[in-house]
Amino acid sequence: MRSDPTPRLVATDLDGTALRRDGTVSPRTAAAFARVEDSGAMLVFVTGRPPRWMGGVASAVRHHGLAICANGALIYDLHTERIVESHLIEAEVLEEVVAQLRANVSDLVFSVEYEAGFAHESDFLDRRAVEAQAASMTARPCAKLLALHPHMDADELHVVVHDLVGHLVTATHSSRRALIEMSAQGVTKATALAAFAEEQGIEAGEVVAFGDMPNDLPMLGWAGTSYAVANAHPDVLAAVDHVTAANDEDGVAQVLEKLF
């Protein structure tokens with residue numbers, strides 16, 4: 001943990017962490033984000049969200065800064081609203097992962113996030129996506145593969161998926177539902193954030209990070225100072241340096257107001 005209380009880079013998850021339960025950026029949090037940037041420090045959103053879900057957040061921060069999306073697979077410039085870097089699951093790997101999971105876990109349904117667009121099988125929850133068969137979904141590289149089970153516990157399903165295909169992809173989860181998110185092997189929020197920080201000449205000890213779910217654990221472990229919001233997953237609460245107030249109580253903003 002840093003002895004200097006003012007970080008050079010603030011990295012924060014969005015859903016369940018910096019955003020309120022309704023998915024909005026509160027005025028207090030938006031003002032705290034502005035204080036970070038006005039101080040000369042860098043603000044990076046590190047999220048499981050795809051770029052297509054970043055519009056409201058980009059507006060709230062005046063289209064400033066960078067977002068690490070899809071758990072590290074996509075780097076998104078909020079100013080230009082363009083993907084500037086991608087780390088994708090290759091089609092051959094994607095096909096093998098789906099085949100292995102389908103053969104070993106009954107009742108799974110799949111969805112994929114591409115660089116542009118997304119698709120899902122008919123039983124997946126997101127009805128806005130283009131319905132597709134597994135064969136067509138795995139025909140091209142994707143940023144993230146999602147597997148949903150209707151009944152299993154999320155932590156239990158994560159262990160099963162990791163044991164089956166952890167040598168092919170990196171699996172995590174960020175939902176209370178049994179929804180597992182898979183990125184290319186070795187791609188996490190931490191790998192993308194560390195690479196970006198190195199490009200800026202920023203060391204891990206100069207970074208403060210905020211999160212709430214298991215997909216945040218690599219980033220929280222890498223950052224010099226880590227915070228969980230009070231509503232975080234038990235594994236996250238056990239892993240961090242500090243705990244702040246819940247997302248609906250602007251816990252991230254409360255810390256940033258003290259730091260900046």
Side-chain angles (χ1 to χ4, degrees), residues 1-21 25-26 28-49 57 61 65-69 71-72 154-155 158 170 172-176 181 183 186-260:
M1 185 170 61
R2 276 169 51 84
S3 59
D4 181 351
T6 305
R8 293 181 60 197
L9 189 154
V10 172
T12 183
D13 174 54
L14 291 174
D15 295 285
T17 302
L19 303 187
R20 291 201 163 182
R21 194 176 309 173
V25 181
S26 73
R28 182 177 182 179
T29 296
F33 287 161
R35 289 171 72 160
V36 173
E37 293 206 313
D38 290 346
S39 76
M42 303 196 74
L43 175 65
V44 180
F45 300 116
V46 191
T47 177
R49 285 186 175 211
V57 176
V61 297
L66 194 77
I68 294 172
C69 294
N71 294 327
D155 293 328
H158 176 248
T170 297
T172 188
H173 66 99
S174 62
S175 172
R176 304 295 177 181
E181 306 168 40
S183 304
V187 173
T188 68
K189 289 186 173 188
T191 60
L193 182 62
F196 173 75
E198 184 177 10
E199 292 170 0
Q200 306 302 315
I202 297 173
E203 298 180 357
E206 299 174 299
V207 177
V208 60
F210 299 86
D212 76 309
M213 289 298 285
N215 65 328
D216 296 315
L217 285 169
M219 172 180 72
L220 295 169
W222 174 81
T225 304
S226 58
Y227 282 85
V229 285
N231 53 285
H233 187 283
D235 289 351
V236 176
L237 291 170
V240 295
D241 301 317
H242 308 284
V243 177
T244 184
N247 61 325
D248 280 347
E249 298 171 356
D250 297 316
V252 172
Q254 290 185 34
V255 176
L256 295 180
E257 288 163 0
K258 295 175 182 176
L259 292 175
F260 298 89

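Residue numbers start at 1 and run along the sequence shown.
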Set of side-chain hydrogen bond (donor to acceptor under 3.5 Å, both in side chains) partners for [X], sequence neighbours left out:
X	value
S175	R177
R20	D250
D248	R21

Any side-chain heavy-atom pair from [X] and [Y] closer than 4.5 angstrom?
X	Y	value
D13	K189	yes
V25	L19	yes
V252	V229	yes
K258	T244	no
V207	P7	no

Atom pairs and distances, donor-acceptor, side-chain atoms in residues 191-200, under 3.5 Å, two or more places apart:
| unit_1 | atom_1 | unit_2 | atom_2 | d |
| --- | --- | --- | --- | --- |
| T191 | OG1 | T188 | N | 3.0 |
| T191 | OG1 | T188 | O | 2.9 |

Salt bridge (Lys or Arg N to Asp or Glu O under 4.0 Å) against R28, all qualifying residues, sequence neighbours excluded: E257

From [X] [atom1] over to [Y] [atom2], what is the distance, rounded to the nearest 0.5 angstrom?
X	Y	atom1	atom2	value
N215	T170	CG	OG1	12.0 Å
M213	N71	CE	CG	11.0 Å
H233	D216	NE2	CG	11.5 Å
T6	E206	OG1	CD	11.5 Å
H242	T225	NE2	OG1	5.5 Å

Does a side chain donor of either N247 or T17 reach within less than 3.5 Å of an acceptor in the other side chain? no

Determine, stepwise, if the pair V57 / R49 fulfils side-chain contact (heavy atoms from CB on, under 4.5 Å). CA-CA 11 Å; V57 176; R49 285 186 175 211; 4.2 Å; yes

Hey, is the main chain of G224 close enough, under 3.5 Å, to the side chain of E203 for a donor-acceptor pair? no

State, to 0.1 Å, how close [X] and [Y] come at their nearest heavy-atom pair, and which atoms those are.
X	Y	value
V236	A228	CG1-CB, 3.8 Å
A232	R176	C-NH2, 4.1 Å
S226	L220	CB-O, 3.5 Å

List the atom pairs, donor and acceptor, that lie under 3.5 Å between side-chain atoms in residues 39-46 and the rest of the protein, sequence neighbours left out.
| unit_1 | atom_1 | unit_2 | atom_2 | d |
| --- | --- | --- | --- | --- |
| S39 | OG | V36 | O | 2.6 |
| S39 | OG | A41 | N | 3.3 |

